[in-house]
Amino acid sequence: MKVIIGSDHAGFSLKQQVNSLLEEMGHTVEDVGCHGEDSVDYPVYGKAVAKGVASGQFPKGILICGSGLGMSMVANRFTGVRAALCNDLFSAILSRRHNDANLLVLGARLIGIDLAGEIVKAWFQTEFDGGRHLRRVAQLDEA
Ligand code: RB5
């Protein structure tokens with residue numbers, strides 16, 4: 001799968017590790033930055049990834065900042081984006097099963113690479129349940 005990923009400086013190091021994991025998993029990774037640990041503004045990268053998912057060019061995306069909160073706020077402003085901040089495994093699984101999340105957000109200052117790796121693997125492996133959740137997810141983009 002083509003996966004678009006971005007982070008700010010706080011998420012940069014974890015993003016490098018997540019990129020390696022994604023490639024090991026067989027995904028094609030488009031990294032929109034940032035590209036180092038110098039301070040940057042998370043909305044710049046959040047918007048770039050959210051646009052990639054909202055346009056349909058990328059079926060799934062990942063965003064990483066310090067807490068995951070700022071990236072979630074940015075991404076969920078884009079119609080068609082269902083960004084889920086998942087700093088635990090159960091949220092990651094439920095965000096796919098019930099919400100059909102298409103953008104995973106991680107907080108690099110809250111979790112380490114071991115847990116992040118488990119979350120990423122589970123998030124990509126878990127399918128949407130559909131059924132009653134389909135109606136609810138469709139309502140997200142209604143006025
Ligand atoms: C950067 O210091 C931090 O504010 C940012 O990574 C993020 O946590 C914002 O929500």
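Order of listing sets the numbers, starting from 1, for every ligand and every atom in it. Just so you know, residue 1 is the first one in the sequence shown, and it goes up from there.
A single hydrophobic cluster is not seen to contain both M73 and I64; linkage of ILVMFWY side chains at heavy-atom distances under 4.5 Å, directly or through other members, places them apart.
Contact annotation for C65 and ligand 1: heavy atoms of both the backbone and the side chain come within less than 4.0 Å of the ligand. Under 4.0 angstrom from ligand 1, the non-hydrogen atoms of R109 all belong to its side chain.
The shortest contact between atom 10 (O) of ligand 1 and any protein heavy atom is with G70 N, 2.9 Å. What sits closest to atom 6 (O) of ligand 1 on the protein, heavy atoms only, is D8 OD2, 2.5 Å. Scanning the protein for heavy atoms near atom 8 (O) of ligand 1, the closest one is S67 N, 2.9 Å.
Other residues, nucleotides and ligands place more than 12 heavy atoms under 6.0 Å from the CG atom of D141.
Atom CG of L22 sits about 11.0 Å away from atom NZ of K121, to the nearest 0.5 Å.
Atoms of ligand 1 lying under 4.0 Å from at least one heavy atom of G66, given by number and element, are 5 (C), 6 (O), 7 (C), 8 (O). Near Y42, meaning under 4.0 Å from one of its heavy atoms, ligand 1 places the atoms 9 (C). Near A10, meaning under 4.0 Å from any of its heavy atoms, are these atoms of ligand 1: 6 (O).
Between H133 and H98, the ring-plane angle classifies as parallel under the 30° and 60° cut-offs.
Contact annotation for atom 4 (O) of ligand 1: protein absent (non-hydrogen atoms, distance under 4.0 Å).
Within the 3.5 Å criterion, the main-chain N or O of T126 finds a donor-acceptor partner in the side chain of R96.
Annotation: F124 is in aromatic contact with H27 [ring centroid separation under 6.0 Å].
Looking only at side-chain heavy atoms (C-beta outward), I93 and W123 stay at 4.5 Å or farther from each other.
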